[in-house]
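Some notes on the structure that comes next.
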Amino acid sequence: MALVVASGAFADTTVTIATVNNGDMIRMQRLAPEFEAQNPDIRLEWVTLEENVLRQRVTQDIAANGGQFDVMTIGTYEVPIWGQQGWLVSLDDMPEVWDADDLLPAIRDGLTIDGALYAAPFYGESSMVMYRTDLMEKAGLEIPDAPSWDFIKQAAAAMTDTDNGTYGICLRGKAGWGENMAFLTAMANSFGARWFDEDWQPELNGPEWTAAVNFYMDLMTQHGPPGASTNGFNENLSLFQQGKCGMWIDATVAASFVTDPDDSTVADTVGFALAPDTGLGRRGNWLWAWSLAVPAGSDATQEAKTFIQWATSKDYTALVAAKEGWANVPPGTRSSLYENPEYQAAAPWADMTLNSINAADPTDPSVKPVPYTGVQFVAIPEFAGIATQVGQEISAALAGQQSVKEALDKAQALTLDEMEAAGY
């Protein structure tokens with residue numbers, strides 16, 4: 001049954017959408033004429049930005065109540081903080097056919113405040129290992145479904161072939177709280193690290209963070225591509241698709257892109273494994289949803305909700321499947337997708353994605369107890385600024401501009417200053 005999009009007395013209203021330049025969002029923009037055909041009184045205007053720039057722009061606009069955007073693409077970090085501050089419009093009035101009860105509980109809970117939904121998930125993700133099956137076999141190795149970091153290091157060494165431009169592993173190095181620090185925070189969790197102890201004292205130059213960052217630095221400098229300090233999600237995706245990476249540990253949403261024969265030169269030789277661990281009971285996987293929300297400053301609230309309803313509906317999923325195949329639908333948001341045999345057949349990574357999403361616990365992210373929630377972030381307003389600065393210090397170490405010790409000592413000092421200034 002086709003989704004009936006709510007209509008009203010719209011008079012050629014423009015809905016301005018701020019979104020990230022990831023593949024699923026670019027596909028959404030490409031399919032948006034379908035929405036405009038159904039809603040001729042609504043015109044869509046797109047502002048598509050690189051991830052760090054998007055975060056900066058939407059944060060500045062919403063904090064100032066600027067009204068520049070009617071729909072914002074934001075994440076699991078921003079939604080509860082901004083919703084509590086009254087910066088977002090509740091989406092609790094979405095029509096019954098949209099089926100809020102179908103949303104995966106782990107994803108929906110991160111977008112809900114006091115029982116009310118403040119953003120609609122466009123896609124959800126955790127993280128996992130994507131690897132070249134041919135290079136793993138050539139190295140004489142067999143990766144387990146649940147590998148250790150030590151195995152990853154062994155495999156990266158065996159798969160590196162610099163003479164042929166192949167590097168054993170590609171990981172995020174670009175500075176940003178949602179770029180290198182998303183990966184490193186999740187990785188550090190698996191080493192037993194935490195951002196803060198139970199008294200909100202930072203631990204960034206402690207033994208666990210030191211061990212995790214040194215391990216990461218060894219991987220990247222010995223077996224990673226040159227210039228890695230400028231590589232984020234999109235740059236590593238391109239490298240993997242070009243056959244330059246033996247392994248890539250990143251968002252589960254990338255699975256459909258690395259296996260797409262139209263874009264990936266290694267599409268038929270990609271395998272998947274869970275994010276690694278060190279045997280301490282936590283894996284280095286995160287929990288995230290890129291979601292669509294309406295800022296309180298919008299003067300086109302109803303029209304914005306109409307678009308969000310369309311873009312996050314089961315009918316949109318079916319549209320993508322019909323146009324581009326089930327493997328390319330936005331993953332990680334709805335239970336019904338993972339019960340769909342057509343999707344299961346087209347996406348051999350489906351169960352691993354779902355299991356990784358369900359295994360990430362924002363209330364218990366590390367080995368030791370913590371005073372905060374969040375897996376690859378700390379759900380406090382100060383975190384974005386702090387983690388961006390910390391990410392810059394670690395990225396500088398990766399670029400050879402300072403040692404790991406210098407980077408983490410600076411990270412500890414700046415975090416302590418910021419937290420004291422904030423009254424923690």
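- Under 3.5 Å, the side chains of Asn234 and Asn21 contain a donor-acceptor pair of N or O atoms.
- At least one donor-acceptor pair under 3.5 Å links the side chain of Arg172 to the backbone N or O of Gly178.
- Listed for the Asp102 side chain is a donor-acceptor partner under 3.5 Å among the backbone atoms of Ser336.
- In this structure, Arg282 and Ser190 approach most closely via the heavy-atom pair O-CB, 3.2 Å.
- One distance of note links CD of Gln344 with CG of Leu354; it measures 8.5 Å at 0.5 Å rounding.
- Between Trp310 and Ala32, the closest heavy-atom pair is CH2-CA, 3.9 Å.
- Checking Ser335 against Glu339 by side-chain atom types alone, no donor-acceptor pair falls below 3.5 Å.
- Remark: the backbone N or O of Ala157 is not paired with any side-chain donor or acceptor of Gln222 at under 3.5 angstrom.
- The heavy-atom pair separating Val329 from Thr317 by the smallest distance is CG1-O, 3.4 Å.
- With sequence neighbours excluded, no residue forms a ring-ring contact (aromatic ring centres under 6.0 Å, His included) with Trp286.
- Between Lys368 and Glu208, at least one side-chain N (NZ, or NE/NH1/NH2) sits under 4.0 Å from a carboxylate O, which counts as a salt bridge.
- Nearest approach of Leu239 to Pro225, heavy atoms of both residues: CD1-CG, 4.1 Å.
- For the pair Gln60 and Gln68, the minimum side-chain heavy-atom distance is 4.5 Å or more.
- A distance-only check finds no donor-acceptor pair linking the side chain of Glu45 to the backbone of Thr14 [under 3.5 Å].
- Residues Glu179 and Gly232 share a closest heavy-atom pair of OE1-CA, 3.1 Å.
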Apply side chain to side chain donor-acceptor pair (under 3.5 Å) to Trp349 and Thr252, showing your working. CA-CA 8 Å; Trp349 57 84; Thr252 52; over 6 Å; no
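- Of the possible donor and acceptor atoms, none in the side chain of Lys314 sits under 3.5 Å from a partner among the backbone N and O of Leu337.
- The CD atom of Gln85 sits 9.0 Å away from atom CD1 of Ile62, with the distance rounded to the nearest 0.5 Å.
- If you take OH on Tyr316 and CZ on Phe35, they are separated by 12.5 Å, rounding to the nearest 0.5 Å.
- The distance from atom CD of Glu303 to atom CD1 of Ile42, rounded to the nearest 0.5 Å, is 5.5 Å.
- Note: Phe196 and Phe383 fail the aromatic proximity criterion, with ring centroids not under 6.0 Å apart.
- A donor-acceptor distance shorter than 3.5 angstrom exists from the side chain of Glu406 to the backbone of Ser403, with no hydrogens or angles considered.
- Relative orientation of the Phe377 and Trp177 rings is perpendicular, given thresholds of 30° and 60° on the angle between their planes.
- Contact annotation: the side chain of Arg55 never approaches that of Tyr77 to less than 4.5 Å [non-hydrogen atoms, C-beta and beyond].
- In this structure the side chain of Ile394 reaches within 4.5 angstrom of the side chain of Met181, judged on heavy atoms.
- Between the side chain of Asn22 and the backbone N or O of Asp24 there is no donor-acceptor pair closer than 3.5 Å.
- Each disulfide bond (SG atoms under 2.5 Å apart) pair with one or both residues in residues 168-229, not counting sequence neighbours, appears once here: Cys170-Cys245.
- One N or O on the side chain of Tyr338 and one on the backbone of Gly332 form a donor-acceptor pair closer than 3.5 Å.
- For the residue pair Gln29 and Thr19, no side-chain donor N or O sits within less than 3.5 Å of a side-chain acceptor on the partner.
- Using modelled atom types and a 3.5 Å distance limit, the side chains of Gln376 and Asn189 yield no donor-acceptor pair.
- A distance-only check finds no donor-acceptor pair linking the side chain of Asn285 to the backbone of Ala275 [under 3.5 Å].
- To the nearest 0.5 Å, the span separating OG1 on Thr73 from CD1 on Ile17 amounts to 8.0 Å.
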Check step by step if salt bridge (charged side-chain N to carboxylate O under 4.0 Å, His left out) holds for Arg57 and Asp61. CA-CA 6 Å; Arg57 287 275 301 276; Asp61 186 69; over 6 Å; no
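- By the 4.5 Å heavy-atom criterion applied to side chains, Thr353 and Phe272 are not counted as neighbours.
- Below 30°, between 30° and 60°, or above 60°: for Tyr424 and Trp200 the angle between ring planes is between 30° and 60°, a tilted geometry.
- Note: Leu408 CG to Asn214 CG = 7.5 Å, rounded to the nearest 0.5 Å.
- Considering every non-hydrogen atom in both Thr333 and Gly124, the closest pair reads CG2-N, 3.5 Å.
- Between Phe233 and Trp248, the distance separating the two ring centers is shorter than 6.0 angstrom.
- Side-chain atoms of Arg334 come within 3.5 Å of backbone atoms of Thr312 as a donor-acceptor pair (strictly under, hydrogens ignored).
- Under a cut-off of 6.0 angstrom, the local environment of CG in Asp93 is crowded, with over 12 non-hydrogen atoms contributed by other residues, nucleotides or ligands.
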